[in-house]
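To start, the structure itself, in structure tokens.
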Number of protein chains: 2
Amino acid sequence: MENTYKLGKKMKNKDVFVEKLRSSGLRPTKQRIQISELLFDRKNTFHFSIDHLNNLLKKKTKIKVSLATIYNTVHAFKKKGYLKEILINREKSYFDTNTSDHHHFLNVKTNELIDLKNEDVEKIKIKKNLPGKKIKSIEVIVKVENSN
Amino acid sequence: MENTYKLGKKMKNKDVFVEKLRSSGLRPTKQRIQISELLFDRKNTFHFSIDHLNNLLKKKTKIKVSLATIYNTVHAFKKKGYLKEILINREKSYFDTNTSDHHHFLNVKTNELIDLKNEDVEKIKIKKNLPGKKIKSIEVIVKVENSN
DNA sequence: AATATAATTTATAATGATTCTAAAGTAGTG
DNA sequence: CACTACTTTAGAATCATTATAAATTATATT
Ligand SMILES: [Mn+2]
Ligand SMILES: [Mn+2]
Ligand SMILES: [Zn+2]
Ligand SMILES: [Zn+2]
């Protein structure tokens, strides 16, 4: 029953994103729709840098999107909670289309990130607490390298 | 019996760092000795940025040390294993004089880091492993904010 | 102690990801 | 269509970091 539209016709993907943008208070411009399709119209979530997204746009789409708009859009999506930023590297920002709480493997050679499923990490227990502070998130990064 | 020198006289701190530098293959220049004293001649380890270290040098010492030398020295010390780099922020690099394996609280408002003692975190168990890869380190960052 | 050599420091320029600016373009509203 | 606020864009500005290359210094050698 999800993804219905008007007279029960299935919505086109584009319309889903138009809806999502509008309901977020973001005008559904062709740039934002195009970026939404690249980021969210997939079976699996993934991790990307601005540079990576820029290349995707150049390869997979006809419209030209300026770098400034890519930055603007990614930050808008992050602010709305559709993306998370991940800190693995000082040189570049990385983003994650998986916005749930989860942990990561990080290949230190390639900077490739791989999601850890929650069942793959035993619950983290912090036995200390800081007075006047509350825990906002707990993030684990497991750095890995080739084992030969 | 640690920290002895020649005829059993106690080494001066400076001499300790001269020794440490020389045994690391780094010439004991006055800049490196000065930075060593600021970073390592303390009761407790701490976290710092290049900017922070630069301010310390200006306030606490007479000699002038160029920014380039601060960068060079911090990177040399990191390479020798006397410092660790911590990624909490894309804007700046942060370093840690505690080079043991340990986890952190991070105050997301102030970017202040606080070490978690090993006994404060229940052992992290990763139940999945990546074929052909071995775990190099596991780092936990517990983000905290004011709880009012 | 003077000399030679390589390492180090330094001022300054270059880099590069990100942010800013302000002008042109576009979506929504009536 | 006309109006307004939002968005996109090219290009400039920012700023932490790194590179460059000349001057200085540490150390080994005579
Ligand atoms: Mn950001
Ligand atoms: Mn570095
Ligand atoms: Zn992820
Ligand atoms: Zn620490």
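If you're wondering where the values come from, they're calculated on a predicted model, not measured in any experiment. Each chain gets a letter, A, B and so on, in the order its sequence line appears, and its residues count up from 1.
- Protein atom CZ of Arg90(A) is 10 Å distant from nucleotide atom P of dT18(C), rounded to whole Å.
- Residue Lys14(A) places its NZ atom among 12 or fewer non-hydrogen atoms of other residues, nucleotides or ligands, all under 6.0 Å distant.
- Here the side chain of Thr97(A) pairs a donor or acceptor atom with the backbone of Phe46(A) at under 3.5 angstrom.
- Spacing between atom CD of Glu91(A) and atom C1' of dT17(D) amounts to 9 Å, rounded to whole angstrom units.
- Between the P atom of dT7(D) and the NZ atom of Lys79(A) lies a distance of 11 Å, rounded to the nearest Å.
- Among dG11(D), dT17(D), dT8(D), the nucleotide with an atom closest to any side-chain atom of Ala68(A) is dG11(D).
- Across the protein-nucleic acid pair, Leu57(A) atom CG and dT9(D) atom C1' stand 15 Å apart, rounded to whole Å.
- Between Tyr71(A) and dT18(C), a side-chain N or O to OP1/OP2 separation shorter than 4.0 Å is present.
- Of all the residues in residues 22-37 of chain B, Leu26(B), Arg27(B), Thr29(B), Gln31(B), Arg32(B) reach under 4.0 Å from DNA chain C with at least one non-hydrogen atom.
- Under the 30°/60° scheme for interplanar angles, the aromatic rings of Phe77(A) and Phe40(A) are found to be tilted.
- Here dA16(D) presents its P atom at 17 Å from CG of Leu87(B), a figure rounded to the nearest Å.
- To the nearest angstrom, P of dC15(D) lies 16 Å from CG of Asn54(B).
- When the options Lys78(B), Lys79(B), Lys92(B) are evaluated for a salt bridge (Lys or Arg N to Asp or Glu O under 4.0 Å) with Glu85(B), the one that passes is Lys78(B).
- Between His75(A) and dT19(C), a side-chain N or O to OP1/OP2 separation shorter than 4.0 Å is present.
- Spacing between atom CG of Leu67(A) and atom C1' of dT7(D) amounts to 16 Å, rounded to whole angstrom units.
- Side-chain proximity of Ser66(B) to dA11(C), dT8(D), dA17(C): nearest is dA11(C).
- Hydrophobic cluster membership differs between Ile86(B) and Leu56(B), with clusters built from Ile, Leu, Val, Met, Phe, Trp and Tyr side chains linked at under 4.5 angstrom.
- At the heavy-atom level, Asp51(B) lies nowhere under 4.0 Å from the strands shown.
- A straight line from CD1 of Ile63(B) to P of dT9(C) spans 10 Å, rounded to a whole angstrom.
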Apply the test side chain to side chain contact (heavy atoms under 4.5 Å, CB included) to residues Leu39(B) and Phe48(B): give CA-CA distance (whole Å), side-chain angles for both, the deciding distance (0.1 Å), then the verdict.
CA-CA 9 Å; Leu39(B) 295 181; Phe48(B) 67 94; 3.6 Å; yes
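- By the neighbour-count criterion of 12 heavy atoms within 6.0 Å, atom CG of Asn146(A) is densely surrounded, having more than that number from other residues, nucleotides or ligands.
- Within the 4.0 Å cut-off from OP1 or OP2 of dT17(D), not a single side-chain nitrogen or oxygen of Lys92(A) is found.
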